[in-house]
There are 2 protein chains.
Amino acid sequence: MDIRWLQDFLALAELRNFTRAAEFRALSQAAFSRRIQSLEHWVGTALVVKGSQPVRLTEAGEQFREGAGASLERLLETRAAIRGSQFEVMSQIRLAMPNVLARSDFRRILAAIGPKVQSSFSVIVGTTAEVTARYLAGDADILLAHDCPALPSHEALATQDRVVLREDRFLPYVAQGRDFGFPGSAKAPFPLIAYAQRAYFARLFEHVLERNGGALAYRLSVQCDMSDVLKEVIAAGHGVGWLPESAVEPGAGVVALGGAEWELPLEICAYRPRRAAGPKLDALWAALRG
Amino acid sequence: MDIRWLQDFLALAELRNFTRAAEFRALSQAAFSRRIQSLEHWVGTALVVKGSQPVRLTEAGEQFREGAGASLERLLETRAAIRGSQFEVMSQIRLAMPNVLARSDFRRILAAIGPKVQSSFSVIVGTTAEVTARYLAGDADILLAHDCPALPSHEALATQDRVVLREDRFLPYVAQGRDFGFPGSAKAPFPLIAYAQRAYFARLFEHVLERNGGALAYRLSVQCDMSDVLKEVIAAGHGVGWLPESAVEPGAGVVALGGAEWELPLEICAYRPRRAAGPKLDALWAALRG
DNA sequence: ATGGGCCATGCAGGATTTGCATTGGACCAG
DNA sequence: CTGGTCCAATGCAAATCCTGCATGGCCCAT
């Protein structure tokens, strides 16, 4: 029995959807499904109700959720406590952040805290889902991530200490001098540079779509995983794509398309567990607040 | 992180010896050693002190032992509770027992409880170490095993409900009509049919040896894993070997060698967890007591 | 009906784990 | 100091387990 199975199950219990939970746990849906099966086999009972949408837990599942959650919490806190007490020795703070922040804001963050906090770092970078999962699994002390106040964020993050580092915006960009007839029409849809299905920003874009009914008429042009790649594709003139403002440095060759209705507010946040940490981490946290 | 690593670590903390703990966990010493390393890597700290005999835990190790133990207990109890509440549905009692009991006492046990308890069974058979480990891991509801009052038994079993099914003895046997000059002399040691290193009974024999100083002069003749095999080898006239009396049915072609000093008292016991179980299990337990 | 979203499963490639055999170190008796 | 014994770590090959991809079957909403 791997405790990752427990974490999978808890994510499933919360998100009530195999595909989303798999995504969140940074795993294929197939592998995720089998992990849940393995867990059910280990427990000896079905934990989720078959053929039900959205996913519901069986009675045993509810019972197990509580016990497994408490058990897991105890274990991870034990580990965190041990790591915390060894903090001065190892004096390495583990940061997790999605690619886009690593490429834009990390330098600023480093500059801000560098002189105040003396410590070595290790940095975990990946997709938003990946780094969030790893942070929650205890693989990192601090998580940096975008958060969209307009969208429900993951419940597990609601229990963390949180500080807003700065405001950001999610809005459409296009290559300098181009236009593509945005926001498009049924006859002449604009070409969209979209995020791959699994990306966090893909959900933000979907939210923009929903909010505007059919006012956006697009055709899919390119799909990218990372904001940086997407930005390059936009700059190369392939179409319109949404980016966080923070990812667009001057001279990138892309310009924003106006219109508040196409825009979503974002926050760049730092998270850390509520439990006690070491002095170095406290100092870093204070620096982030200030 | 596999929770088996936690169980390994807890066994190690208790037995303070990699080899013994590996044996108890039914694993090679090499694999066991690596699992501990994996766990240490997961926690992020050394848990056991290097180069120390017997094994000692680091401070972090002690701390982790407590947390991991509590976490594991919570998890396994949750599972057990779920299984317990589903007992009437599945109505299958899972018995674990070492080979020797499966071949001798199980029939009697079955006969004794069969009419009183209506339930289907599943039976796990293996070496004593294996089935004990599996029982403690929650893979069985009841464990049947030999216990020697003269030897310290495993601590983890001390916390279980326990009932003595009957008395037994561990004593030397030889082929009918043979003798081999037992207990032997330096010039003419008797040939010993011994248990393989890993077997539980091998430890009992070692205890007999220690108790008698150098009074036993033997030379190793054959080594066997299982009592039944050993019995056959004795009957074939290859030498003297220790057996539990219960394993020797009439007409087996072997006879006991007298002398209380070569003998060890044994109990055949049943164990079950202290936590609440289902009605079927309670009925079976009552039948075992009576 | 039919299309789309969702979970289960066959399969092949790949990562991890295991046991065996061996090495290197600590401890002990002489 | 020395040889022997007990113990844990490690190289290596085999086996096991896990993963992702592609696909199939199911249910629900249109």
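Since we're looking at a predicted model, the values are computed, not measured. Residue numbering restarts at 1 for every chain, and letters A, B, ... go by the order of the sequence lines.
Where DNA chain C pairs in unbroken runs of 3 or more (Watson-Crick or G-U, both distances under 3.5 Å), the stems are C:1-30 with D:1-30.
For the segment residues 26-33 of chain A, the set of residues with a heavy atom within less than 4.0 Å of an atom of DNA chain D comprises L27(A), S28(A), A30(A), A31(A), in numerical order. Of the residues in residues 2-20 of chain B, those with a non-hydrogen atom less than 4.0 angstrom from any atom of DNA chain C are W5(B).
A nucleotide of DNA chain D counts as in contact with chain B when one of its atoms lies under 4.0 Å from a heavy atom; the first and last such, 5' to 3', are dC7(D) to dC12(D). Of all nucleotides in DNA chain C having an atom under 4.0 Å from a heavy atom of chain A, the first and last in 5' to 3' order are dC6(C) to dC11(C).
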Pair H146(A)-F170(A), ring pair (Phe, Tyr, Trp, His ring centres under 6.0 Å): steps then yes or no: CA-CA 10 Å; H146(A) 276 104; F170(A) 186 66; 8.5 Å; no
Audit row: R74(A), E73(B), salt bridge (Lys or Arg N to Asp or Glu O under 4.0 Å) steps and yes/no: CA-CA 11 Å; R74(A) 176 72 199 259; E73(B) 195 175 344; over 6 Å; no
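Taking 4.5 Å as the limit, every side-chain heavy atom of L192(B) sits out of range of all side-chain heavy atoms of R219(B). Side chains of F201(B) and L243(B) form no contact here, defined as non-hydrogen atoms less than 4.5 Å apart.
Note on R34(B): a base of the nucleic acid sits closer than 4.0 angstrom, heavy atoms only.
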Below 3.5 Å, can you tabulate the donor-acceptor pairs from side chains in residues 130-139 of chain B to any protein atom, sequence neighbours excluded?
| from | atom 1 | to | atom 2 | distance (Å) |
| --- | --- | --- | --- | --- |
| E130(B) | OE1 | T127(B) | N | 3.3 |
| T132(B) | OG1 | T128(B) | O | 2.6 |
| Y135(B) | OH | Q160(B) | OE1 | 2.5 |
| Y135(B) | OH | R272(B) | N | 3.3 |

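Ring pair Y218(A)/F190(A) is tilted by interplanar angle, where 30° to 60° counts as tilted. Taking the six-membered ring where tryptophan is involved, the planes of F18(A) and F32(A) are perpendicular, since the angle between them exceeds 60° and thus also 30°.
For Y195(B) and F205(B), the distance between ring centers is not under 6.0 angstrom.
Salt bridge R203(A)/E23(A): present, at least one basic N to carboxylate O contact under 4.0 Å.
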